[in-house]
Amino acid sequence: MRGALLGEFAGTFMMMLLGDGVVAACLLKGTKATGEGWMVITTAWAFAVLCGIFTANLFGSPDAHLNPAITVAFGVLTGDFSKVLPYAGAQIAGAFAAAVVVWLFYLPHWKITDDQGAKLAVFCTGPAIRSYGSNIFSEIVGAFVLVIVVGAMGSKLVLSGGAAAGFGPFLVGSLVWAIGLGLGATTGYAINPARDFGPRLAHALLPIAGKGGSDWAYSWIPIVGPVIGAASAGAVLKAMGA
């Protein structure tokens, strides 16, 4: 039953279950973590990525991209884009499924939470200040940093023997933590089209008590920005021979 697409689905599912889960815990009323802040969210997201990578490996994806922008970046680096569409489909499906489970997990809390924006934020990202130029720049930079540093972690230009077996996911988790703390406060650091689109679609379709709109007017930012940033970083890595 193991396979690359199943691995991308399962890994993205696990990442999003834990990632969206911590946002729900902090933003919805009546949980034991209500009101906890950015440090809690960014820390849990770092560990969510770690868990997602190991889960993807377990279910058959040695790539464990969990992110269409990462797949695009490796396509630019290698010249092979054959994985982009199938991986993206699996990643979006995994993110959507995880969002459904998060909705069910916190089911009693949606009704007692009045803030429609907080409910949407459980599922997808949004800007602190809506300025599309600045917002897309934030997502481009965040994704660029993600790919450059991930590329460095696996490059023989940095580590001649590569990272120690099994240690890579911890490094990537630490990187995502740093991006969240340093670059995430403007847009919520989607840096991943599947992470945003799948749960945003779930928000639109699910009968969430008291929900508002799904802010589709903003939805292109966390898709286009990460792809541009990741592709640019892939081109840089290719030029450097990484």
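Along the sequence shown, residues carry numbers from 1. No experiment lies behind these values; they were computed from the predicted model shown.
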Verdict with reasoning, Asp80 to Ser82, per side chain to side chain donor-acceptor pair (under 3.5 Å):
CA-CA 6 Å; Asp80 180 6; Ser82 63; 2.7 Å; yes

Would Val122 and Val102 count as a side chain to side chain contact (heavy atoms under 4.5 Å, CB included) if you check the C-alpha gap in whole Å, the side-chain angles of each, and the deciding distance to 0.1 Å?
CA-CA 9 Å; Val122 171; Val102 169; 4.0 Å; yes

Under the side chain to side chain contact (heavy atoms under 4.5 Å, CB included) criterion, do Met153 and Val158 qualify, and how do the steps go?
CA-CA 7 Å; Met153 290 172 181; Val158 178; over 6 Å; no

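Counting all heavy atoms, side chain and backbone alike, Thr43 lies closest to Trp177 at OG1-NE1, 3.2 Å. The heavy-atom pair separating Pro68 from Ala194 by the smallest distance is CD-CB, 3.5 Å. The shortest non-hydrogen separation linking Gly60 to Pro62 is O-CD, 3.3 Å. Contact detail for Gly225 and Ile136: the closest heavy-atom pair is CA-CG1, 3.8 Å. The shortest non-hydrogen separation linking Ala46 to Val176 is CA-CG1, 4.5 Å. Contact detail for Met16 and Ala98: the closest heavy-atom pair is CB-CB, 3.5 Å.
Salt bridge status for Asp215 with Arg130: present, with a side-chain N to carboxylate O gap under 4.0 Å. Salt bridge Asp115/Lys29: absent, no basic N to carboxylate O contact under 4.0 Å.
Follow the hydrophobic side-chain contacts under 4.5 Å out from Leu66 and you never reach Leu6; the two are in separate clusters. Connection of Phe167 to Phe54 is established within a shared hydrophobic cluster, with ILVMFWY side chains joined at heavy-atom distances below 4.5 Å, either directly or through further cluster members. In this structure, Val224 is a member of the same hydrophobic cluster as Tyr218, with clusters built from ILVMFWY side-chain heavy atoms closer than 4.5 Å. Ile191 and Leu183 fall within a single hydrophobic cluster, where Ile, Leu, Val, Met, Phe, Trp and Tyr are joined by side-chain heavy atoms under 4.5 Å apart, directly or via other members. With hydrophobic clusters built from ILVMFWY side chains whose heavy atoms lie under 4.5 angstrom apart, Leu157 does not share a cluster with Val236.
Under the 4.5 Å side-chain criterion, counting only non-hydrogen atoms from C-beta, Asn67 is in contact with Leu146. Between Lys211 and His203 there is a side-chain heavy-atom pair separated by less than 4.5 Å. No side-chain heavy atom of Ser131 sits less than 4.5 Å from a side-chain heavy atom of Phe137. Contact annotation: the side chain of Ile41 approaches that of Trp45 to within less than 4.5 Å [non-hydrogen atoms, C-beta and beyond]. For the pair Leu50/Phe170, a side-chain contact is recorded, criterion being any heavy-atom separation below 4.5 Å from C-beta on. At a threshold of 4.5 Å between non-hydrogen side-chain atoms, the residues Pro193 and Val227 count as touching. Between Ile223 and Asp196, every side-chain heavy-atom pair lies at or beyond the 4.5 Å cut-off. Side-chain contact between Met15 and Asn192 is present, with at least one heavy-atom pair separated by less than 4.5 Å.
Within a 6.0 Å sphere centred on CZ of Phe105, other residues, nucleotides and ligands contribute 12 heavy atoms or fewer. Remark: Leu104 CG is packed, more than 12 non-hydrogen atoms of other residues, nucleotides or ligands lying under 6.0 Å away.
The side chain to side chain contact (heavy atoms under 4.5 Å, CB included) test with Ile221 is passed by exactly one of Ile140, Thr125, Asn135: Asn135.
Expressed to the nearest 0.5 Å, how far CG of Leu5 lies from CZ of Phe59 amounts to 14.0 Å. Atom OG of Ser61 and atom CG of Asn57 lie 7.0 Å apart (nearest 0.5 Å). Atom OG of Ser219 and atom CZ of Arg200 lie 5.5 Å apart (nearest 0.5 Å). Here the OG atom belonging to Ser214 is positioned 8.0 Å from the CG atom belonging to Leu205, to the nearest 0.5 angstrom. For the atom pair OG1 of Thr31 and CD of Glu36, the computed distance is 8.5 Å after rounding to the nearest 0.5 Å. Interatomic distance, Thr42 OG1 to Leu181 CG, rounded to the nearest 0.5 Å: 4.0 Å.
Ring geometry for Phe13 against Phe9 counts as parallel: the plane angle stays under 30°, on a 0 to 90° scale with 60° as the upper cut. Note on ring orientation: taking the six-membered ring where Trp is involved, the planes of Tyr189 and Trp38 are perpendicular (angle over 60°, cut-offs 30° and 60°).
Gln91 and Thr12 form no side-chain donor-acceptor contact under 3.5 Å, judged by distance and modelled atom types alone. Side-chain contact, Asp63 with Tyr87: a donor N or O sits under 3.5 Å from an acceptor N or O.
Using modelled atom types, no side-chain atom of Lys83 and backbone atom of Ala88 make a donor-acceptor pair closer than 3.5 Å. Judged by distance alone, the side chain of Glu8 and the main-chain N or O of His65 form a donor-acceptor pair under 3.5 Å. No donor-acceptor distance shorter than 3.5 angstrom exists from the side chain of Thr187 to the backbone of Pro127, with no hydrogens or angles considered. Under a 3.5 Å cut-off, the side chain of Glu139 and the backbone N or O of Pro226 do not form any donor-acceptor pair.
Between Phe123 and Trp110, the distance from one ring center to the other falls under 6.0 angstrom.
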